[in-house]
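Remember, predicted model here, so these are calculated numbers, not experimental data.
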Amino acid sequence: MKKIITLGPSGTYAEIASQKFNIDLSLSSLIEMENTIDQVFKKAYLGDYLVLPFDNSIDGYVQRTLDLLYESNYYITHVNELSIDFSLISNENSLENIKNVYVQFKAHAQCYNFLKNFSHFNYITTDSNTESLNRFTASPNESCTIIPTHLISSNFELIIHHVHDTLDNKTRFVLLENKLNIPDFEVIKAYVVLSPNIDQPGLLHDILYSFKMLNINLTSIISRPKKNTSGKYNFFIELSFLRENYNDLINELEKNKNFSTKILGVYK
C-alpha cells in the first residue's frame, strides 16, 4: 500500500487534508504522521507522497515548507484548500481568570486580533493544535487553549468560537511527489524560485516584464534569504497561465542567464 507522510498527531488539519487527497485523487494511501515539517521531509523516503500546509489566507506562506521544498527533489502536484475555524476553550468561567494559553504558532498568528486584547495572557507555544489540547487537558486550571473546532469533544466552562481574525480563514495544503507533473487543464499554476546570479538595477523588473509579454499572471511573490550568503535573496513566485504557454515559460526562464531557476511544482 502507498503511503502519505504528513504532520501529526491525529486530528490536525494536515491529516484532514491528507484524507481529502486520498478521496479526491483515489490514492487509497496509508497516512503516517510526523511531529514537524522537517521530520516529514526527513522521512520522505518512506512514503510515496508528502502533504504539508502551504499558505494561509491570514498568515501567508508557511516558510519552512517553502525552504525545505526548495532544498528537496519533491514537487507540488496537487493542491486542496480547507476552511480553518479556531475556538478558545477553558475550564475557567471568565477570560480574566486565565493565565496560560496553549496555542500552536501558526494558530496564534491567525488569532492575533482576538488575543491582543488580553495583556495578562502567558502564551505557551506548541508544535500542533493537538499538542495544545493535550497540554491544556494535563493542566486545566487557570489555563485555556486555542484549537480547531473539530477537536472539541466535551463540554467546557467557557467556549468562544470563531476567534480567528477573519471568518473566511483558509489554508492551502500541497501534495508533493518526487516527479514533476503537468496537469491537463486549460489554466494551470506553477511555483518557481528565481535565484539571482548577479546584482544590478532592474533585474527583477526585466523578468517580470517577460511574464507580462507571455500573458502569464503573477499571483504572489515573496523573498527568502539564501542560506549561504548574507544579504542575498531568492524570489519565490506563483504564476497562473494557460497550459499552452507552459513551454514558452520554461524557454523564457532557461534563456535568462541572470537567474538560476527551479520549478517547485505545476498544479491546477
Side-chain angles (χ1 to χ4, degrees), residues 4 6-24 31-37 39-40 51-65 79-174:
I4 292 174
T6 192
L7 280 175
S10 182
T12 62
Y13 279 114
E15 182 186 26
I16 295 173
S18 299
Q19 294 167 344
K20 189 173 189 301
F21 280 126
N22 254 342
I23 294 169
D24 293 348
I31 299 173
E32 294 190 356
M33 286 167 276
E34 299 293 332
N35 290 329
T36 66
I37 293 173
Q39 289 175 340
V40 170
V51 171
L52 289 166
F54 187 50
D55 70 337
N56 174 260
S57 57
I58 295 174
D59 194 43
Y61 283 98
V62 181
Q63 296 181 0
R64 193 58 182 159
T65 297
V79 175
N80 69 35
E81 188 174 70
L82 298 181
S83 294
I84 309 297
D85 189 357
F86 286 110
S87 298
L88 179 147
I89 61 172
S90 178
N91 288 319
E92 300 294 334
N93 59 14
S94 170
L95 290 170
E96 283 67 34
N97 297 331
I98 293 171
K99 292 184 178 179
N100 294 323
V101 180
Y102 298 97
V103 59
Q104 191 255 9
F105 62 100
K106 294 297 284 186
H108 192 165
Q110 293 171 48
C111 302
Y112 174 77
N113 287 339
F114 173 82
L115 293 173
K116 71 180 181 181
N117 296 308
F118 307 100
S119 59
H120 65 286
F121 282 175
N122 173 51
Y123 297 104
I124 301 172
T125 303
T126 66
D127 287 328
S128 74
N129 295 309
T130 305
E131 181 190 345
S132 296
L133 178 59
N134 290 340
R135 295 188 66 177
F136 162 74
T137 302
S139 304
N141 296 329
E142 297 183 330
S143 69
C144 73
T145 185
I146 302 290
I147 57 172
T149 302
H150 69 264
L151 288 181
I152 301 176
S153 58
S154 60
N155 294 323
F156 298 91
E157 187 72 23
L158 179 64
I159 300 177
I160 302 176
H161 291 303
H162 314 309
V163 296
H164 41 286
D165 290 355
T166 66
L167 291 180
D168 190 26
N169 183 23
K170 298 181 185 299
T171 293
R172 281 195 298 172
F173 289 83
V174 289

Whether Asn80 side chain and Ala17 backbone form a donor-acceptor pair below 3.5 Å: yes
Worksheet item: Parallel, tilted or perpendicular: which fits the ring planes of Phe156 and Phe136, with parallel below 30° and perpendicular above 60°?
Response: tilted
CG of Asn169 to CG of Leu82, rounded to nearest 0.5 Å, is 11.0 Å
Would you call Leu158 and Asn93 a side-chain contact if the rule is heavy atoms closer than 4.5 Å? no
Just checking, is any N or O donor in the side chain of Gln104 or Ser132 under 3.5 Å from an acceptor N or O on the other one?
no
Go through the steps for Leu95 and Phe121 under the test side chain to side chain contact (heavy atoms under 4.5 Å, CB included), then give the verdict. CA-CA 9 Å; Leu95 290 170; Phe121 282 175; 4.3 Å; yes
d(Asn134 CG, Ser128 OG) to nearest 0.5 Å is 7.5 Å
Closest heavy-atom pair, Gly11 versus Leu151, reported as atoms and distance to 0.1 Å, is O-CD2, 3.6 Å
(message) Measuring only between side-chain heavy atoms, which start at C-beta, is Thr36 closer than 4.5 Å to Arg64?
(response) no
Rounding to 0.5 Å, atoms CG (Asp24) and CZ (Phe21) come to a distance of 8.0 Å
Rounding to 0.5 Å, atoms CD1 (Ile31) and CG (Asn22) come to a distance of 5.0 Å
What one should report as the nearest heavy-atom pair of Asn91 and Pro140 is ND2-CB, 3.2 Å
(Q) Centroid separation under 6.0 Å, is that true for the rings of Phe54 and Tyr61? (A) yes
| Below 4.5 Å, heavy atoms only, C-beta onward: do Asn129 and Phe86 meet side chain to side chain? | yes
Within the supplied structure, the quantity of interest is the number of heavy atoms (other residues, nucleotides, ligands) at a distance under 6.0 Å from Lys99 NZ; does it exceed 12?
no
OG1 (Thr137) and CD1 (Ile89) are apart, to the nearest 0.5 Å, by 6.5 Å
Please indicate whether Phe118 has more than 12 foreign heavy atoms, meaning atoms of other residues, nucleotides or ligands, lying under 6.0 Å from its CZ.
-> yes
Quiz item: Does His108 use its side chain to pair, donor to acceptor, with the backbone of Val103 at less than 3.5 Å?
Solution: no
Donor-acceptor check, side chain of Asp165 to backbone of Asn113, threshold 3.5 angstrom: yes or no? yes
Between Thr145 (side chain) and Tyr102 (backbone), is there a donor-acceptor pair under 3.5 Å? yes
TODO: Tell me whether the centres of the aromatic rings in His162 and Phe114 are closer together than 6.0 Å.
DONE: no
Notebook entry, point to check: Could you go step by step and tell me if Thr171 and Phe173 meet the side chain to side chain contact (heavy atoms under 4.5 Å, CB included) rule?
Noted result: CA-CA 6 Å; Thr171 293; Phe173 289 83; 3.5 Å; yes
message: If you count heavy atoms of other groups shown closer than 6.0 angstrom to CG of Asn117, is the number above 12?
response: yes
Pairwise side-chain contact, Leu115 with Ile146, heavy-atom cut-off 4.5 Å (strictly under) = yes
On a heavy-atom basis, the closest approach of Lys170 and Ser83 is NZ-OG, 3.1 Å
OG of Ser10 to CD1 of Ile16, rounded to nearest 0.5 Å, is 9.0 Å
- Query: For the side chain of Glu92 and the backbone of Glu142, is there at least one donor-acceptor N/O pair under 3.5 Å apart?
  - Reply: yes
request  = Dump the intermediate steps for side chain to side chain contact (heavy atoms under 4.5 Å, CB included) on Asn56 and Val62, then the final yes or no.
outcome  = CA-CA 8 Å; Asn56 174 260; Val62 181; over 6 Å; no
Pro53 and Leu7 have their tightest heavy-atom pair at CD-CD1, 3.7 Å
- Can any side-chain N or O of Ser90 pair as donor or acceptor with the backbone N or O of Ser143 at less than 3.5 Å? yes
Starting from the C-alpha separation in whole Å, work towards a yes-or-no answer on side chain to side chain contact (heavy atoms under 4.5 Å, CB included) for Asn100 and Ser139. CA-CA 10 Å; Asn100 294 323; Ser139 304; over 6 Å; no
* Looking just at side-chain N and O atoms, do Thr12 and Thr130 make a donor-acceptor pair shorter than 3.5 Å? -> no
Heavy-atom closest pair (His164 atom, Ile84 atom, distance to 0.1 Å) is NE2-O, 3.6 Å
Closest non-hydrogen contact found for Ile152 with Ser87 is CD1-CB, 3.7 Å
